[in-house]
Structures are given as structure tokens and as C-alpha cells.
Amino acid sequence: MSTAQISGLARLLVQHGRLIDADAEALQTTATSSKLPFIEQLILSKKMSAKDVAEFSSQAFGYPLLDLDKIDSSYIPNGVLDNKVMQGQRIVPLFKRGTKLFVGISDITNLQAMEEVRFQSGMQIEPIVVEDNKLISLLDKLLESSGANLKNLTVDEADLEITGGDEEPQSDAPNVDVDDAPVVKYIQKILLDAINGGASDIHFEPYEKYYRIRYRVDGILREIAQPPLAIKEKIASRIKVISKLDISEKRIPQDGRMKLVLSKNRAIDFRVSTLPTLHGEKICMRILDPTSAQLGIDALGYDPDQKEALLNAVNRPYGMVLVTGPTGSGKTVSLYTCLNILNQPGTNISTAEDPAEINLPGVNQVNVNEKAGLTFAAALKAFLRQDPDVIMVGEIRDLETADIAIKAAQTGHMVFSTLHTNDAPGTLTRLLNMGVAPFNVASSVILITAQRLGRRLCPNCKAPFDIPHEALLHAGFTEADLDGSWTPYKPVGCETCKGSGYKGRVGIYQVMPITDEMNRIIMTNGNAIDIADQARRDGVRDLRRSGLLKVKQGLTSLEEVMAVTNE
């Protein structure tokens, strides 16, 4: 390749003596084969920094140089350029002045980019030189905040095994085009709207005469669309393909996973479940945002004394901590938060989950696979041969799993797990009913947390609410609570909360450390009522009392607490 064949920025750098011919030729060849822009390959080679390239381009062409760190991205004009153009051509609109559009660009020799922008915007283009790395960071930020940086839906390599693969496809299966472009775009929009709207689940539900899509937002299902009934098969097939499921098998439930890449730094996983119904396959997608596991214990809503009790238990060298509550009560996030606290270079952590919902770097996560014989019990046995410090079992479902987990807690390991019970005292009797010996329960369990999620009042529109004295007493408040130092609030509704009066959720917890007195009750075959009475004597607040405290703090409404807790 001669100098004449070296083009664009490479040629300019050679002409000004900033690169030698051989280096420019090698970089351009590598960039072409790697399908990277020349400027990115140049910066990766460390022959010039992004700042050096920007300063050179500004001086060589006489265009102004701008530091993108100094601008407020919220003032960048929206809708001027197509997102694909901005990302593909590495160009960003900065501001408009009359008929002129000022754009930030790192490779000033990219005339095609400026011509495409001029054609799309219909405005005169004025380039401003910016540093390439800062331009990419700004583009990622802009496209992520708009929910528009949508790459292809990709399948996680660790997806669950395809079920029904040994079945022959049904001969009467409809011939659906799973790559139908309008359907693909429609599903992408549904997923992005769900993420931007703070949904936790998406339901695709076929009925005889209509098809509906619902989001679960703050624990409440809301219908958001009714697409044509005719496309229900295409929607189901498309979701099953990207979730690595068998599209020909429609007679049995299937489980899978998929990933939505929003930017280089953020990806959202979805847990996908299909269910055959009378009128087609119902699909439920659980949104698994990895950032929820990194909120930190302070963001979960524990009261100071509850937080202290939990941290004391988590930092013990061995024992068992159990988290209990119904599906969707935030047990997984609580467990992952505890694991994040312990996730240090000197600690070996292993988890058995069904399935692993959120990827935690530094934690050895195992997906349970009952078909292959990888049960919770089998995984636990394997963990104990892997020199563990901390073990997390997704759920204790049977006596075998409970026995192994308890033995692990008794032999110097910290064990975390979940159970489905209504409150913390009921968890201990649940273990006893499974067949675990009272001595084993008393010598291993050190703390139990029961939890619920209540809707959080919207801070923009909540209003004081005059609740009768008798009603407050009936709800569980004491006369001492009603000292006039606080005011209950009610939901109102505004644009911020989309009229519901609630935005986000708040955790309501019962944190019960296992005391010596409780252990005596367990050893003498006491029941859940006896344990609950002892917990009250130990100062443990039940779920209702914890919820009422959130009402006093103005975080939620009394009606919400009454709805999610038992008296």
C-alpha cells in the first residue's frame, strides 16, 4: 500500500509527519480487517492518544476543539439525528443556531458522516472536533438514557438447556416467520418501555377474542397494549427463539433466558417462562437488572436496628441466615446484597440457584438442572468439596437439601437460603415440619428475615390524610404512637407517578435473630406462636409493626401496609 493509497486521517497524519508510512499502512489494514474505524485502531495502538488526535485535527483543519466533559448532555437536541447514524458514524449533534447544526466529530476527514447528517437534518453542518473516547462515552450515555441503543437481542451462553429438543416438531405447527421485522421491532419496543417504566415482569396473554400485554409495576399489573390476535404466534415464536427454547414444542411449559444489550456498560437479562393455555402460549418475562443487586443495604429500607442485626449475622464466621416471603417480595435482591457485602478476594462464595437471576462477578454461580440430576442437594454436596466459605442455596425445598445446608452451617460455613413462609417465626416450624431435628435447627440458624414490598408514596404528590383515631388504633398503632408528632399521608396522583400516587417500592422487614430463649423453645418442640411471643419479648417488630413505622416515616400509606401485611 503506497502513501497515495492511504486515505483519510491516516494520510493526513503521514503528510504532517505524525506517522510513518509503514505504521499508517499497518494500522489502516488492521482497522479494516477488525472492522474498526481507523481513529479507534490508532488510539488502541497507543501511537497517539485521543487528545493528541483531536488537537492535531483542530490545528490541521482550523476547526474549533471542544472538551465534551464540559457540556451538559441534557441540553443536546433530541430527535435531530437517527440513533443509528450517530452510533455508526461517530457523530453527535451539539446545538442548533438558525439553519446551522453544530456537530461533534472525532475524525474530521469522515466526510460521509457529515454528508449523511446534512441530508438527514436538512441543515448546514458545522463540525467541532472532539476527543474520540469522550465522544463514545457521550453516545453511550445518550442512547442508554433514551432507551434507543438497542442492539440485537442476544442469547446468553449460560442459557438453560433447550427443553423438548428430543421431540419431533409437530406437523401441524403453524409456519411462522420468527424474523418478521415489524414483530421484532414491536417486541423490542415492549421490552424497552418495560425497562424505562420500571416494570418487574411482562405478561403476554392470549385469549379467545383478544391478546393483551401487561406490565407489573410496583407490584401491580397494568394492561399496556392489545396487539392484533393474529400475531400471537409470531410474538411467541420470536421470544422463544431468542430465549433458546424449542418453538415446535407448545404442549409443555418451558423456561429460558435472554439478554438485552443497552450499551457497552449495561445489559438487562430476562427470565422467560412459557405456559400452554387454552388459546395459545402465555409468556411471562421477569426483568433481571444487575444494578438492583448493587444497591447496597442502605437502599433496601431496613430500619437501623434491623440493619445492625442483619450485618452482625452476615459477618459471623458460620451459621445459617434465612430470608422468607412470597414470590416477588425481593428475597433475591436481599440475598445478593448480603453476598456483595461478603464478596471479597479472600472469600470463596458458591451459589446454587434455579435459575441464577443476576450475574455477580467473583461469585461461583450454578444453575440447578433437575433433568440432568443437578439438584440443590447435589450442588450443595459438590460445594462442600470446593473449599467454600459462603454458600447460597436458592431455596430449601426438601429435607435432603435442608439437612446438607444445616450440616454446612454447623461445620464452619456461612449459609444463605430462602423459604416460603408467612413470617419469621413460621420459618422455624417449617423446617421442623420438613423433618429437620430440633437440635440441628437450634444449632445452625442464627437469623431469619421475613419481608414484603409495599408501594412507596410518590414524593411529588402525596398529601396529608386525616385518619380517625380509632382506625389508627385498629390498624395496630398504640396510644404512645399517636402523640401528634407525625402525619399519615395518602396517594394523590400526578404525571411523575402516572396517576397512581405511588412510585417505587419500599421494603417492610421482620428481622429476627435467634436467641438462646428461642432455641430452648425449639428444643422443647414449641410452635410458631411460642416463638413469635418470644420474638416480641426480644423486641423484634413483626411485619405489621414494621409497616406502621414506614407509615409514620411518610414512606407509604396505611392502606398499602394493611394490604401487604397480616395483623
Side-chain angles (χ1 to χ4, degrees), residues 74 78 141 144-148 189-203 213-225 260 262 266 268 270 284-303 306-307 325-334 336-337 358 451-467 475 486-509 543-544 546-565:
S74 62
N78 290 324
K141 184 178 177 182
E144 183 176 330
S145 65
S146 68
K189 183 180 186 306
I190 291 294
L191 300 184
L192 286 172
D193 287 350
I195 294 168
N196 294 331
S200 60
D201 301 86
I202 311 170
H203 294 255
I213 299 173
R214 294 191 291 174
Y215 292 162
R216 188 177 293 279
V217 180
D218 297 338
I220 304 298
L221 276 171
R222 302 175 185 171
E223 183 175 315
I224 55 99
L260 184 61
L262 293 175
R266 190 181 179 206
I268 305 291
F270 293 80
C284 179
M285 304 174 73
R286 168 67 57 89
I287 300 173
L288 308 171
D289 189 349
T291 57
S292 63
Q294 297 160 2
L295 292 173
I297 195 166
D298 293 320
L300 297 185
Y302 286 95
D303 295 320
Q306 294 175 333
K307 174 186 168 185
T327 302
S329 61
K331 298 189 300 295
T332 300
V333 171
S334 293
Y336 281 20
T337 300
I358 297 171
Q451 62 185 71
R452 301 287 187 276
L453 287 178
R455 289 182 292 171
R456 186 187 293 267
L457 284 166
C458 175
N460 289 338
C461 64
K462 67 179 182 180
F465 188 34
D466 186 17
I467 302 175
W486 59 277
T487 303
Y489 287 87
K490 66 176 180 180
V492 177
C494 64
E495 287 187 7
T496 302
C497 60
K498 296 182 171 60
S500 70
Y502 297 95
K503 187 166 180 63
R505 290 198 278 181
V506 60
I508 299 172
Y509 302 94
L543 287 165
R544 172 59 62 86
S546 292
L548 295 178
L549 188 57
K550 296 289 191 283
V551 175
K552 287 182 69 174
Q553 294 166 350
L555 296 175
T556 189
S557 65
L558 181 60
E559 61 181 345
E560 184 68 10
V561 169
M562 299 281 280
V564 301
T565 63

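Only this structure's heavy atoms are used, side chains among them; waters, hydrogens and symmetry mates stay out.
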Looking at K550 and D303, does any basic side-chain N land under 4.0 Å from a carboxylate oxygen? yes

Please tell me if the side chains of I224 and I202 come closer than 4.5 Å, counting only heavy atoms from C-beta onward. no

Heavy atoms of S334 and Q451 approach each other most closely as OG-OE1, 2.9 Å

Closest heavy-atom contact between S200 and R286? O-CD, 3.3 Å

Test log, rule salt bridge (Lys or Arg N to Asp or Glu O under 4.0 Å), inputs D201 and R214: CA-CA 8 Å; D201 301 86; R214 294 191 291 174; over 6 Å; no

List the atom pairs, with distances to 0.1 Å, where a side-chain N or O of residues 455-466 and a protein N or O form a donor-acceptor pair under 3.5 Å, not counting sequence neighbours.
residue, atom, partner, partner atom, Å
R455, NE, E560, OE1, 3.2
R455, NH2, E560, OE1, 3.2
N460, ND2, T496, OG1, 2.9
K462, NZ, G554, O, 2.7

Do P488 and L558 have side chains that get closer than 4.5 Å, going by heavy atoms? no

Minimum heavy-atom separation for A475 to R544, with atom names? O-NH1, 3.0 Å

Judged by atom type as modelled, is there a donor-acceptor pair below 3.5 Å linking the side chain of S546 to the main-chain atoms of Y509? yes

What heavy-atom pair brings G325 and R452 nearest, and what distance separates the two atoms? CA-NH1, 3.9 Å

Rounding to 0.5 Å, atoms CG (L221) and OH (Y215) come to a distance of 12.5 Å

What's the shortest heavy-atom distance between T565 and V561, and which atoms? OG1-O, 2.7 Å

Taking every heavy atom of G504 against every heavy atom of D218, the minimum-distance pair comes out as N-OD2, 3.0 Å

Check whether any side-chain heavy atom of F270 lies under 4.5 Å from a side-chain heavy atom of I287, and answer yes or no. yes

Taking atom CH2 of W486 and atom CG of L549, what is their separation to the nearest 0.5 Å? 10.0 Å

Taking T556 as the fixed residue, which of V551, V564, L548 is the one that meets the side chain to side chain contact (heavy atoms under 4.5 Å, CB included) rule? V551

Check whether any side-chain heavy atom of Y502 sits under 4.5 Å from a side-chain heavy atom of I220, and report yes or no. no

Applying side chain to side chain contact (heavy atoms under 4.5 Å, CB included), run through I195 and L260 and close with a yes or a no. CA-CA 10 Å; I195 294 168; L260 184 61; 3.5 Å; yes

Side chains of H203 and C284, heavy atoms from C-beta outward: is any pair under 4.5 Å? yes

